[in-house]
There are 2 protein chains.
Amino acid sequence: MSIQHALLVSLLEKPSSGYELANRFDRSIGYFWQATHQQIYRELGRMAERGWIVADNAAGGDKRQKKTYQVLPAGREELIRWAQTPDPSPHGGRSLLVKLRAEAVIGPLGLDEQLREFMAQRQAQLDIYRAIERRDFSPERMTPARRLQYMVLKRGITMEEGWLEWAQEVLPLVSRTPPPA
Amino acid sequence: MSIQHALLVSLLEKPSSGYELANRFDRSIGYFWQATHQQIYRELGRMAERGWIVADNAAGGDKRQKKTYQVLPAGREELIRWAQTPDPSPHGGRSLLVKLRAEAVIGPLGLDEQLREFMAQRQAQLDIYRAIERRDFSPERMTPARRLQYMVLKRGITMEEGWLEWAQEVLPLVSRTPPPA
DNA sequence: CCATCCATGTAATTCGTTACATGATTAT
DNA sequence: ATAATCATGTAACGAATTACATGGATGG
């Protein structure tokens, strides 16, 4: 998943302290990615070690005072590298959301291939659910228990459909070659 | 989250071995909850220690052979207790899916209050997103970058709407007092 | 001066992931 | 026989959660 890359995007959008990031994470990206402040501080520390980000706080030792972090070129490159690496996990959609925000701050990343692959995966999962639906949930013989089980499956189905419709709408925004009128 | 309760439901639906559960978890509940087999074996071991489940494997020591687990009364009671405890986390919807399957196997649990509370939370989050939408994404001044950011927000919006519509449909199935015609 | 919020951190524990290991059963 | 699959487990590591601690800044 990588919280680090989500943090990089947030920092590119606006240099911030760990505390601010922790609060900001409640909004926007926050429904999809939640992170505690300890988690955020840890990852900020690591990214600083790796030279991806710096705190503006010059020499003063580790006094307990506000540190505003900024993204360094190495961090920017790492974000681009990550954004161009497909995430085949079932939560690939969440990654794509972060990648879209990345594209919004640092320009075209060529995400259309990843998006198409993602759509193919969602379609495949949807087909599986549809098959189960036809096999196990025909309108006859619908006991109350079966109806409840069906609602669970239905949530899976509409989730997949939701991602597919969304991806369909995103596609023209990330395509290098817009479809001819 | 509690994988344990998801496993209890699966075992009530059908007594199984850890291996079978690991494979089964790919389907049905599997999109929402994924668990590796090591995780499943560990949790099965713990639940057996607590007396929630038993392996049918009588005395034979820990020979590496198939153990089919069954839910004991204590496990059943624990599942009911958990199902009747609200989950206020942002992923409360996932819990509700498991609880619906629980209700399907062990009968009415009185979930309507939890469902209504869940809907109120989703509605509140939706209102927040709608406010951001009105404030930051008016149709004028839509740069390409802004359009990308908007698609991220839109995914949040349709997710909330998806949960709300689903919950609306589930409500009559878990209500003790069905609405008068 | 006292409470509250801002801001960062350490420590302990639990959870999840990955790698590895082992043996039993079934099919070729 | 031997390969594949079924089936369970140990060990090590890294990530996440929870509790706790510290101190500066702000407002009443």
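Worth knowing before you read on, the calculation uses all heavy atoms, side chains too, and leaves out hydrogens, waters and symmetry mates. Just so it is clear: chains get the letters A, B, ... in the order the sequence lines come, proteins before strands, and each one is counted from 1.
For Lys67(B), taking side-chain heavy atoms from C-beta onward, the closest of the listed nucleotides dA15(D), dC15(C), dT8(D) is dT8(D).
Take Glu103(B) and apply the salt bridge (Lys or Arg N to Asp or Glu O under 4.0 Å) test, not counting sequence neighbours, and it matches no residue. Listed by chain and residue number, nothing satisfies the side-chain contact (heavy atoms from CB on, under 4.5 Å) test with Arg141(A) (two or more places apart in sequence, or in another chain). By the side-chain contact (heavy atoms from CB on, under 4.5 Å) test, Gln38(A) pairs with Thr36(A), sequence neighbours left out. For Trp52(B), the ring-ring contact (aromatic ring centres under 6.0 Å, His included) test picks out no residue, with sequence neighbours left out. Checked against side-chain hydrogen bond (donor to acceptor under 3.5 Å, both in side chains), Ser89(A) has the following partners two or more places apart in sequence or in another chain: Asp87(A). Considering only residues two or more places apart in sequence or on other chains, Arg135(A) meets the side-chain contact (heavy atoms from CB on, under 4.5 Å) condition with Ile132(A).
Residues of residues 6-18 of chain B that place a heavy atom closer than 4.0 Å to DNA chain D, in numerical order, are Ser17(B), Gly18(B).
For the pair His37(B) NE2 and dC15(C) P, the interatomic distance rounds to 19 Å; values are reported in whole Å. Rounded to whole Å, the distance from CD on Gln39(B) to C1' on dC13(D) is 15 Å. One interatomic measurement links the two molecules: CD of Gln34(A) to P of dT17(D), which rounds to 7 Å at whole-angstrom precision. In this structure, the CH2 atom of Trp33(A) is 13 Å from the P atom of dT17(D), given to the nearest Å. In this structure, the CD1 atom of Ile3(A) is 13 Å from the C1' atom of dG16(C), given to the nearest Å. Regarding Leu44(A), its CG atom lies at a distance of 15 Å from the P atom of dA15(D), rounded to whole Å. Counting to the nearest Å, the C1' atom of dA15(D) and the NE2 atom of His91(A) are 15 Å from each other. In this structure, CD of Glu20(B) is placed 15 Å from P of dT25(C), rounded to the nearest angstrom.
A side chain to side chain donor-acceptor pair (under 3.5 Å) check over residues 8-18 of chain B, counting only residues at least two apart or in different chains, returns the pairs Glu13(B)-Arg101(B), Ser16(B)-Arg24(B), Ser17(B)-Glu20(B).
Dashed line: the shortest gap from a side-chain N or O of Tyr41(A) to OP1 or OP2 of dT8(C) is under 4.0 Å.
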Expected list for residues 105-120 of chain A: side-chain donor-acceptor pairs under 3.5 angstrom, two or more places apart:
residue	atom	partner	partner atom	Å
Gln114(A)	OE1	Lys99(A)	NZ	2.7
Gln114(A)	NE2	Ala83(A)	O	2.7
Glu117(A)	OE2	Gln121(A)	NE2	3.2

Side-chain donor-acceptor contacts of residues 143-151 of chain A below 3.5 Å, not counting sequence neighbours, with atom names and distances?
residue	atom	partner	partner atom	Å
Thr143(A)	OG1	Arg146(A)	N	3.1
Arg146(A)	NE	Asp136(A)	O	3.4
Arg146(A)	NH1	Gln149(A)	OE1	3.1
Arg147(A)	NH2	Met142(A)	O	2.6
Tyr150(A)	OH	Glu133(A)	OE2	2.5

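Side-chain atoms of Arg42(A) stay outside donor-acceptor range of the base of dA15(D), with no qualifying N/O pair under 3.5 Å.
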Problem set entry | Gln4(B) vs Leu7(B), side-chain contact (heavy atoms from CB on, under 4.5 Å): CA-CA, chis, key distance, verdict | CA-CA 5 Å; Gln4(B) 299 196 335; Leu7(B) 291 173; 5.6 Å; no

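By the 4.0 Å N-to-carboxylate-O rule, Glu43(A) lies close enough to Arg46(A) to be salt-bridged with it. Ionic pairing of Arg130(B) and Glu161(B) is present here: one or more N-O contacts between side-chain nitrogen and carboxylate oxygen are shorter than 4.0 angstrom.
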Are any protein N/O atoms closer than 3.5 Å to N/O atoms in nucleotides 4-6 of chain D? If there are, list each pair with its distance.
residue	atom	partner	partner atom	Å
dC6(D)	OP2	Tyr19(B)	OH	2.9

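Nearest-nucleotide assignment on DNA chain C puts the 5′-proximal partner with Gln38(A), out of Gln38(B) and Gln38(A).
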For this session: Map every base of DNA chain D to its dot-bracket character, where paired means a Watson-Crick or G-U wobble contact with both distances under 3.5 Å and | marks a partner outside the strand.
Result: ||||||||||||||||||||||||||||

